[in-house]
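Numbers restart at 1 for each chain; the letters A, B, ... are given by sequence-line order, proteins then strands.
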Amino acid sequence: MAYFKSKSDFIKLLATFTFIMLPWLFALIYNVYYSKNDFAPKIHIQNYSTDTLTGADHTKFAELQKDFKTPQEVTEACLSCHNKRGEEFMHTEHFQWLKNDSIPGKGKLKMGKKNILNNFCIGINSNEQLCSMCHAGYGYGDKNFDFTNQNNEDCLVCHDNTGTYKKSNPCKGPNLPGAGNPSPSINLSLIAQHVGFPKKKNCVSCHAVGGGGNNVKHGDLEMALTKCTRDVDVHMASKGPNDNNMSCQKCHKTINHNIKGSLAMISGSPQNGVSCVDCHTEKPHTDNLLNDHFKQVACQTCHIPTYAKVNPTKIYWDWSSSGILKDGKPLHYEKEITGNDTICKYGDYILAKDLPNLKTRKDSSNIKLEYDAKHGTAIFANNLQPEYIWSNGYFDHQLISDKIKDTTKALKLNKPFGSYYDNIHPSDKNHPSKIIPVKIMRGKQIYDKENMSLIQPKLAGKVKGLGAYWVDFDWNASAKAGMDYLNLPYSGKYSFIETESFWPINHMVAPKEKSLSCTDCHSHNSRLSELTDFYLPGRDYSKVVDNSGVIIIILTFISVLIHMTIRIIKRKK
Amino acid sequence: MKKQTYIYRSFERFWHWSQVLLILFLMLTGFEVHSSFSLMGFENAVKWHNTAAWAFFVLIIFALFWHFVTGEWRQYIPTSKFVKEQFRYYISGIFKGAPHPTKKTRYNKLNPLQRLIYLGLNLLVIPVQALTGFIYMYYFYPSNPLHETGMETFAIIHTIGAFLLITFVIAHVYLTTTGDGIFTSLKAMLTGWEVVDVDEKEDHLKHMQDAVDKSVAGYYCLDKNGIFTDVNSAWLKMFGYNNKEEVIGKHYSIAREEKDLKKLDDLVSKVLSGEKIIGVPVIRKKKDGSLGRHILSSNPIFENGEIVGLEGFVLDISDTEDNSLHMYDAVRHSEAGYYWLDINGYFKDVNNAWLSLYKYDSKDEIIGKHYSCSRDEKGIKDLDDVFNRVTKNGETISSRIAIRKCKDGTIGKHLLSANPIYKKDKIIGMEGFILNLPEE
């Protein structure tokens, strides 16, 4: 080797290149070492405790040793000992179906199930007989219900530990007790003697069946959570030996019957909410790169990759197609569909048209169209990929008194506030905007074409001729009955408007290995493709820059090749 | 003149190749983050991109420090001279086998185009990449005022920079093949050595400076007022001083006993009036007051035609006292001749005094010849011995009496000093001075 004039020269050269390679070697060793020692981080939990006290044995209490004739008697017996709890419970949302709230731009108002319209069964007014099957009270059959009578509180629906308590549906069958009352078949004394802290089953008996069936409404909240695997929900899982089997109250902490938790559909501002960081810290990952995401991305976004994991949820509800009677009988029809269907026919009947090309259909399975003369067209699906929005916890609401301004676009019933910019300069410092996963419920519902307002229709009823749509199949009568009930004007001219409602996905947290990976968002095929108000590395790029960049590289290559070719040719000459 | 030269220092090569690896690695991970392809996974790509960015940052700091401390940053000062010629060379001259329009030397490693491009790279692309990259890295925090303008701007600038770097790398790698040979430049960047043009004047000057610094002959330099402005280490050793600072700034009177001072005063004033002193034996006073004998030569220093000081050499003769009388006469009639032999014993350089002592007319007659031509048969063995001792053992030899054979075959007698020449830690030759001893 002509370049190495001596041994020391060679050693020096070797040393130089060893120095160059040394940092790379370190990095490699470090990487191999750390990837081999996958330090399964201990999940750091704060403010989390398990109860050590066992409840009192209510079978021993003399007050409960009797044959209760009415549920109110049971409540009276409860309150004879728990004498402060009646007053306490009376003011909760579970009883009032209203709470003090505020909407940015609309100010303070009382909000709740009682006055907010959705795009499932629209609203409770004039339908209380049916809806109060989920009211924690007895007799809430119409607007004249006495919300101040403590004996009307239903203690048992939440505190029954036997699992036998059941409310009756007064719209079905004759001679059933009134709204919100328990089914005659249950044993009140037995249940009264076996009360305790609410179990999952108590909560889901109402919260999972909103919208008319299991998992119809929320998509992430359903019966299966009472007994599920970690893949469905890491917190509530109970099937495995090491599963957490957490009760609802572990997160929805309850003090004096005030149960933590709020729902976007009936809330204007974030209050009394449950948050992951109540127990997990704000820096739960060992990797700071992931922790940095906390400021802009809600935990749920990555950790709930899909919802409706067990039973399907309803994602579309078109009321406008309802009312088809075949041979005088309400038509019922079910069909598996694909993501590309836009129209569904049954014989000559058009059951659904303009089916939305829902983005969520891409990943979902078991998509089913269900037609029912009472309800119109619905689409159910499993394993849905959430849609993603910026949210600062505030939601606007289309109140029944609000005018509809634009009928060409889907009307957002609870329009989320928030944007990328709000995450930088939050309007509320405690609630900067984050990207959250939501189920967007789409549908078509009735509205007043002349007054340009939403309509509260009367749906449920037992008797013909009173306007109940499910009995009479007459939208005009139904709208009139519902609006008259609320003392609100109805022009007599109705139509159907596309609406959307937003349901943040908070349950069905997946095991960490199933949570989203970087490229679910940081790629051209990003889950966040709808959120275009910011630059997302890996997703966004400048087409001009990228194309010109590639062209310049190619040109450079070509120039080099031409130059080289000429050199070679000339040299040979 | 072209010569094998050490043009890229160890650090420079460390810097260059580390930068190569880092840029390639950043490119790979960066474009994965850009979703151009999938290789190690997005998460790993981001992590390694960030880590490599920090490594690059550290390297930049080191490189900046090195360039400023060594003054090598001057290599990047752009010049408009020969830019056109260089460009023309690449688009036409190179095909015709025309010579490079600019000379590559140790002190001018980069051609004008390289200067421009590398300066642009070092001043524009890399800092902009680093800046936008670090902004990008720390963009998460809402308190960051840069949020107002949006991350997109920085991300896109960063992307543009990345594309520019790719084109640079392609062109750069290709242009390394346009050196004297296809792999010459690559080899040079690997080993540090390349055959490049040598600025003869500069090289000679540097060598003479080295010769003086390392000579066994003591060198001194006085200003007009007789104050020391420079001495070499041999001088310090002869006079028993430890370092220059003890001497510089002092008057020459420190070097003599009082009784000898008058003689030196006369000598200095002679030289300052333009005379050359060729060789006088004198008695010096060392730092500790002890005495020693040496032969002194001296000549005036001119600056713009005016005498501004004097300088000269001193050769120790304390050990050769017997000959001192001879020497007095001898050196009086002589000048110090300088010679330089390469490792094989061939002349590389001599000075005019040497030429006149050996009766040559010009350097060209002697350079490239073996030293054996400077001795008669008897003397060769003696010189072989000196040469071997100096070049093999690294000894220095001073004040040895030698018989020279001149060009015309006549002989002469001189005092010889010899010391090895080092390049790094390797002996590459021998050099020294000779002082004439006239025949009695």
Contacting region of A:A15 [heavy-atom separation from chain B under 4.5 Å]: neither
What residue, out of B:V173, B:N50, B:I166, B:L175, has the most heavy-atom pairs lying under 4.5 Å from chain A? B:I166
Checking B:T102 against B:Q86 for the side chain to side chain donor-acceptor pair (under 3.5 Å) test, could you report, in this order, the C-alpha distance in whole Å, the side-chain angles of both residues, the deciding distance, and whether it holds? CA-CA 7 Å; B:T102 51; B:Q86 188 67 39; 3.2 Å; yes
Please work out whether the ring planes of A:F534 and A:W390 are parallel, tilted or perpendicular, with thresholds of 30° and 60°. perpendicular
Counting only heavy atoms from other residues, nucleotides and ligands, does the tally under 6.0 Å from CZ of B:F37 exceed 12? yes
Interchain contact, A:P537 with chain B, by part (heavy-atom threshold 4.5 Å): both
Taking the six-membered ring for Trp, are B:Y8 and B:H16 closer than 6.0 Å centroid to centroid? no
Tell me, out of B:I160, B:I156, B:L190, B:V46, who's got the most heavy-atom pairs with chain A below 4.5 Å. B:L190
When the 4.5 angstrom heavy-atom criterion is applied to B:T177 and chain A, the contacting part is both
Toward chain B, the part of A:M21 with a non-hydrogen atom under 4.5 Å: side chain
Between B:F14 and B:F62, is the ring centre distance below 6.0 Å? no
Which answer fits B:T51, side chain, backbone, both or neither, if we ask what part of it has an atom under 4.5 Å from a heavy atom of chain A? neither
Given that the side chain runs from C-beta out, which part of B:I157 has a heavy atom under 4.5 Å from chain A: side chain, backbone, both or neither? neither
Taking the inter-plane angle between the rings of B:F168 and B:Y118 on a 0 to 90° scale, is it parallel (under 30°), tilted (30 to 60°) or perpendicular (over 60°)? perpendicular
Max heavy-atom pairs within cutoff under 4.5 Å with chain B, candidates A:V545, A:L555, A:I552, A:T519, goes to A:V545
Name the option with the most non-hydrogen atom pairs under 4.5 Å to chain B; the candidates are A:I20, A:T16, A:T556. A:I20
What part of A:F17 gets within 4.5 angstrom of chain B, counting heavy atoms only: side chain, backbone, both, or neither? side chain
Part of A:D546 within contact of chain B (heavy atom distance under 4.5 Å): both
Hey, can you tell me if A:H425 and A:Y421 have their rings parallel, tilted or perpendicular (30° and 60° cut-offs)? tilted
Using heavy-atom distances under 4.5 Å, tell me whether B:L21 contacts chain A through its side chain, its backbone, both, or neither. both
Return yes when atom CZ of A:F19 has more than 12 non-hydrogen atoms of other residues, nucleotides or ligands closer than 6.0 Å, and no otherwise. no
Residue, of B:W15, B:F25, B:F11, B:W48, that accumulates the most heavy atom pairs under 4.5 Å with chain A: B:W48
Would you say B:F95 has more than 12 foreign heavy atoms packed within less than 6.0 Å of its CZ? yes
